[in-house]
Amino acid sequence: MPPDSAPSHFIQSIISEDLKQGKNQGRVHTRFPPEPNGYLHIGHAKSICLNFGIATEFDGLCNLRFDDTNPSKEDVEYVESIREDVRWLGFDWGNREYYASDYFDRLYHFALEIIRAGKAYVCDLNADQMREYRGTLIEPGRNSPFRERSIEENLNLFERMKAGEFTDGAHTLRAKIDMASPNLNMRDPVMYRILHATHHRTSDHWCIYPTYDFAHGQSDSIEGVTHSICTLEFEDHRPLYDWFLDQLSVHHPQQIEFARLNLSHTVLSKRKLLELVQQQRVTGWDDPRMPTLAGFRRRGYTPEAIRMFCERIGVAKRNSTVDIAMLEHCLRDDLNKRAPRVMAVLRPIKVVIDNYPEGQVEGLEAVNNPEDPSMGTRPVPFSRLLYIEQDDFREEPPKGFFRLSPGREVRLRYAYIIKCVDVVKDPQTGGITELRCTYDPETKSGSSQSKRKVKGTIHWVSAAHAIEAEVRLYDHLFSKEDPDDVPEGTDWLTNINPKSLERLNSCRVEPILANAKPGERYQFERLGYFCVDSVDFVKERPVFNRTVTLRDTWANVQRAAKKA
RNA sequence: UGGGCGGUCGCCAAGCGGUAAGGCCCCGGACUUUGGAUCCGGUAUCGAAGGUUCGAAUCCUUCCCGCCCAGCCA
């Protein structure tokens, strides 16, 4: 039953109303119908969540159906990835995994039925001619010279098309509707085309394949789908969807269209994603910068965050582009609750605590997750030689900087307050080689003396105990909000963010991370959320992917200062 | 100049004749051993113009703007 208190979008309203009127015997049945010609992306996630979500909400069912009517573009690699991604997102289609190709035989018989009713004909026009005959947006088309063939001749020709007597494109089967329709989809659309191609499931059994228009509605009907939810660009196809079903007098699902998702700073068209992969602008469909589910997964996103995102963006008919910040917010929200915290220094600068005994090591206690006490604590070793983040030291601190600088104090998280007493530089380059500091033994974390407050707290790592790691800093794949916003004469590829990946090779992380497993997610305190890369992982030297940064108020302040 | 669909805060999005929800972003402030989290507070008169009405984002009229359609792709 639909929650009548929860705010609902227009599709939920339609279904509620249908149920109220007793349509479909109170049944709700949807389907997610991907074409296996690419990997699933976040836009598909919206559709998956919508279709499976509605099924759950209204106590119905949702099928997974591969829309595999074009063997020249499809591949099993894609069907496998799609299965994996839908499952990863958290949805289950039970044993209802279907393929349009499962219905090729029935579809063929449907076509025969329409031919016998005198509502379809075999046309000999080639692609160019057909375009000419179709007319334009403002001029009606002309009837094909083959439109009035006899039913017998049509039957015979169609049979021979199926038998493989003709070459690709020599004939098509067309619906006989109305060449003057203002809706171009109704100007005798093609139902079947000849394609001598090997299909990933039916092999060479067929050499004629149904078009989307002829296959989709009938497949929905065969499966008993009640609400066939698709994107806006199919709105113009609805009259055709309805027309076929009416000719056949079969179960008639209702097609409902909603606006597809667009996300800022990325592209979501299959064609463009394919191009990024083929041109090797990224390392593959699962490159952590890709908006594919495989990419997000490798990047460290959680299915929960993506589902939350899909819920929050809503469902409507207006074209829109959601700010990627919305997605990142959902991610942080989820990771904040579940990711264990750990300290990692990405760009190390050496710190020597002058007054700390040489050779001494203390095991300090650090909280694993302040949001969840049940996650416990862990020991973190402290010693005389440490590393801190380069960003956490400024020789000439700007206004509002409350990290470390000469003569100033800062707290080392879970440890002591230290003071910078000297800056050692390389006499050649002038670059800082190490910081000499002193610590205040009275200020140990958790001790009764530790009431002294300092403005800043920074993370650190004990040099002798830290382990080395590679960290990959990912940023938006495109630097512009709208990748298509380009100067004349250039294309979207010029908007690829040259800094979308930065690899850091001399990072030092807490010893506890020696046990990190591929796919595990952590919060590197003050930096962001990171996950262990599952492809390039090696135990001796883990690779971490930055999933998303933490909200960085200080960065905002600096940005504002720069502008002023 | 054809047909279809849309236009509510910077970005999403509720609202369905009774006097503009919520989320994101942003800006303040509280708290804080993550400049994180959390908590308070702040920001729209609804594409435009007319009209109907006691009353309109919601109804009517006209206009403007955007998106989709001329694949034997989906």
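Nothing here was measured: the structure is a model prediction, and the numbers come from that model. Sequence lines set the chain letters: A, B, ... in the order given, protein chains first and strands last, and positions in each chain run from 1.
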Inset, instruction - Decide if atom CD of A:Glu481 counts as having more than 12 heavy atoms of other residues, nucleotides or ligands within a radius under 6.0 Å. - result: no
Inset, instruction - Using a 4.0 Å heavy-atom cut-off across all strands, classify A:Phe524 as base, sugar-phosphate, or nothing. - result: nothing
Inset, instruction - Can you tell me the pairing partner of B:G41 across any strand shown, Watson-Crick or G-U wobble, with both distances under 3.5 angstrom? - result: B:C27
Inset, instruction - Using the salt bridge (charged side-chain N to carboxylate O under 4.0 Å, His left out) rule, collect all pairs that involve residues 176-195 of chain A, keeping only residues at least two apart or in two chains. - result: A:Arg147-A:Asp188, A:Glu148-A:Lys176
Inset, instruction - Taking atom P in both B:C26 and B:A20, compute the distance separating them and give it to the nearest angstrom. - result: 28 Å
Legend entry - P spacing across the pair B:U53 / B:C67, given as an integer number of angstrom: 38 Å
Inset, instruction - List for me each residue that meets side-chain contact (heavy atoms from CB on, under 4.5 Å) alongside A:Asp440, sequence neighbours excluded, and say none if there are none. - result: A:Glu442, A:Thr443, A:Arg452
Inset, instruction - For A:Tyr209, answer base if it contacts any base atom (sugar-phosphate contacts may also be present), sugar-phosphate if it contacts only those atoms, and nothing otherwise; contact means non-hydrogen atoms under 4.0 Å. - result: nothing
Legend entry - Sequence neighbours excluded - salt bridge (charged side-chain N to carboxylate O under 4.0 Å, His left out) pairs with any residue from residues 310-322 of chain A: A:Glu235-A:Lys317, A:Glu257-A:Lys317
Legend entry - For B:C46, the Watson-Crick or wobble counterpart (both distances under 3.5 Å): none
Inset, instruction - Quickly work out the A:Glu311 CD to B:A13 C1' distance and round it to whole Å. - result: 14 Å
Legend entry - Whole-Å distance separating the CZ atom of A:Arg260 from the P atom of B:G6: 17 Å
Legend entry - Side chain of A:Ile138 (C-beta onward), nearest among B:C5, B:U34, B:U1: B:U1
Legend entry - Spacing between A:Ile177 atom CD1 and B:G3 atom P, to the nearest angstrom: 19 Å
Legend entry - C1'-based separation of B:G3 from B:U8 [nearest Å]: 27 Å
Inset, instruction - For B:G36 and B:G66, measure between their C1' atoms and round to the nearest Å. - result: 40 Å
Inset, instruction - Classify the glycosidic conformation of B:G18 as syn or anti, calling it syn when the angle lies within 90° of 0. - result: anti
Legend entry - Span that lies between the C1' atom of B:A49 and that of B:A57, in whole angstrom: 16 Å
Legend entry - Atom pair distance, as rounded to whole Å: CG in A:Asn368 and P in B:G36: 21 Å
Inset, instruction - Determine the Euclidean distance between corresponding P atoms of B:U19 and B:G2; express it in Å to zero decimal places. - result: 40 Å
Inset, instruction - Looking at every strand, decide which applies to A:Gly400 at a 4.0 Å heavy-atom threshold: base, sugar-phosphate, or nothing. - result: base
Below 3.5 Å between N/O atoms, which protein atoms pair up with nucleotides 37-39 of chain B? Just atom names and distances, please.
residue, atom, partner, partner atom, Å
B:A37, OP2, A:Arg551, NH1, 2.8
B:A37, O2', A:Asn336, ND2, 3.3
B:A37, O2', A:Glu371, OE1, 3.2
B:A37, O2', A:Glu371, OE2, 3.0

Inset, instruction - Can you tell me the distance, in whole Å, between the NE2 atom of A:His476 and the C1' atom of B:C25? - result: 12 Å
Atom pairs, protein N/O to nucleotides 7-10 of chain B N/O, distance under 3.5 Å:
residue, atom, partner, partner atom, Å
B:U8, OP2, A:Arg318, NH1, 2.7
B:U8, O4, A:Arg318, NH2, 3.4

Inset, instruction - Mind checking side-chain contact (heavy atoms from CB on, under 4.5 Å) for A:Ser13 and listing every partner two or more places apart, or none if nothing turns up? - result: A:Ser8
Inset, instruction - Report, as a single string ordered 5' to 3', how protein heavy atoms within less than 4.0 Å touch nucleotides 66-74 of chain B: B base, S sugar-phosphate only, - not at all. - result: -SBBBSBSB
Inset, instruction - Kindly state whether the ring of A:Tyr192 and the ring of A:Phe214 have centres lying under 6.0 angstrom apart. - result: yes
Inset, instruction - Provide, to the nearest angstrom, the distance between the CD1 atom belonging to A:Ile458 and the P atom belonging to B:G36. - result: 16 Å
Legend entry - Closest nucleotide among B:C5, B:G23, B:G35 to the A:Arg526 side chain: B:G35
Inset, instruction - Can you tell me the distance, in whole Å, between the CZ atom of A:Arg312 and the P atom of B:A14? - result: 15 Å
Inset, instruction - State which residues pass salt bridge (Lys or Arg N to Asp or Glu O under 4.0 Å) with A:Asp124; sequence neighbours excluded, sorted by chain then number. - result: A:Arg149
Legend entry - Comparing A:Ser320 and A:Arg413 on RNA chain B - which has the more 5′ nearest nucleotide: A:Ser320
Inset, instruction - Taking side-chain hydrogen bond (donor to acceptor under 3.5 Å, both in side chains) as the test, write out the residues that go with A:Ser405, two or more places apart. - result: A:Arg408
Inset, instruction - May I have the distance from A:Glu525 (atom CD) to B:G35 (atom C1'), rounded to whole angstrom? - result: 13 Å
Legend entry - Qualifying salt bridge (charged side-chain N to carboxylate O under 4.0 Å, His left out) pairs, either residue in residues 260-270 of chain A, two or more places apart: A:Glu233-A:Arg260
Legend entry - Qualifying residues under side-chain hydrogen bond (donor to acceptor under 3.5 Å, both in side chains), relative to A:Lys455, sequence neighbours excluded: none
Legend entry - Residues forming a salt bridge (Lys or Arg N to Asp or Glu O under 4.0 Å) with A:Arg413, sequence neighbours excluded: A:Glu525
Inset, instruction - For B:G18 versus B:A13, give the span between their C1' atoms, rounded off to a whole number of Å. - result: 22 Å
Inset, instruction - Could you tell me whether A:Val315 contacts a base, only the sugar-phosphate backbone, or nothing, with contacts defined as non-hydrogen atoms closer than 4.0 Å? - result: sugar-phosphate
Inset, instruction - Give one of base, sugar-phosphate or nothing for A:Pro239, where a contact means two heavy atoms less than 4.0 Å apart. - result: nothing
Legend entry - Heavy-atom neighbours of A:Lys419 NZ exceed 12 at 6.0 Å: no
Legend entry - Side-chain ion pair, A:Arg526 and A:Asp391, N-O less than 4.0 Å: no
Inset, instruction - Sort out the partner of B:U34 for me: Watson-Crick or G-U wobble, both distances under 3.5 Å, none otherwise. - result: none
Inset, instruction - Please work out if A:Thr321 contacts a base, only the sugar-phosphate, or nothing of the nucleic acid, heavy-atom cut-off 4.0 Å. - result: sugar-phosphate
Inset, instruction - Compute the centroid of each ring, for A:Tyr212 and then for A:His216, and state whether the two points are separated by less than 6.0 Å. - result: yes
Inset, instruction - Would you mind classifying the nucleic acid contact of A:Glu328 as base, sugar-phosphate or nothing, using non-hydrogen atoms under 4.0 angstrom? - result: nothing
Inset, instruction - Test salt bridge (Lys or Arg N to Asp or Glu O under 4.0 Å) on A:Arg65 and A:Asp102 and set out the steps. - result: CA-CA 10 Å; A:Arg65 181 174 75 241; A:Asp102 291 342; over 6 Å; no
Inset, instruction - With a 3.5 angstrom cut-off on both distances, give the Watson-Crick or G-U wobble partner of B:U19, or none if there isn't one. - result: none
Legend entry - Side-chain donor/acceptor contact of A:Arg403 with base of B:G35 under 3.5 Å: yes
Legend entry - Phosphate OP1/OP2 of B:C24: any A:His329 side-chain N/O under 4.0 Å: yes
Legend entry - Integer angstrom distance from the P of B:C73 to that of B:A14: 36 Å
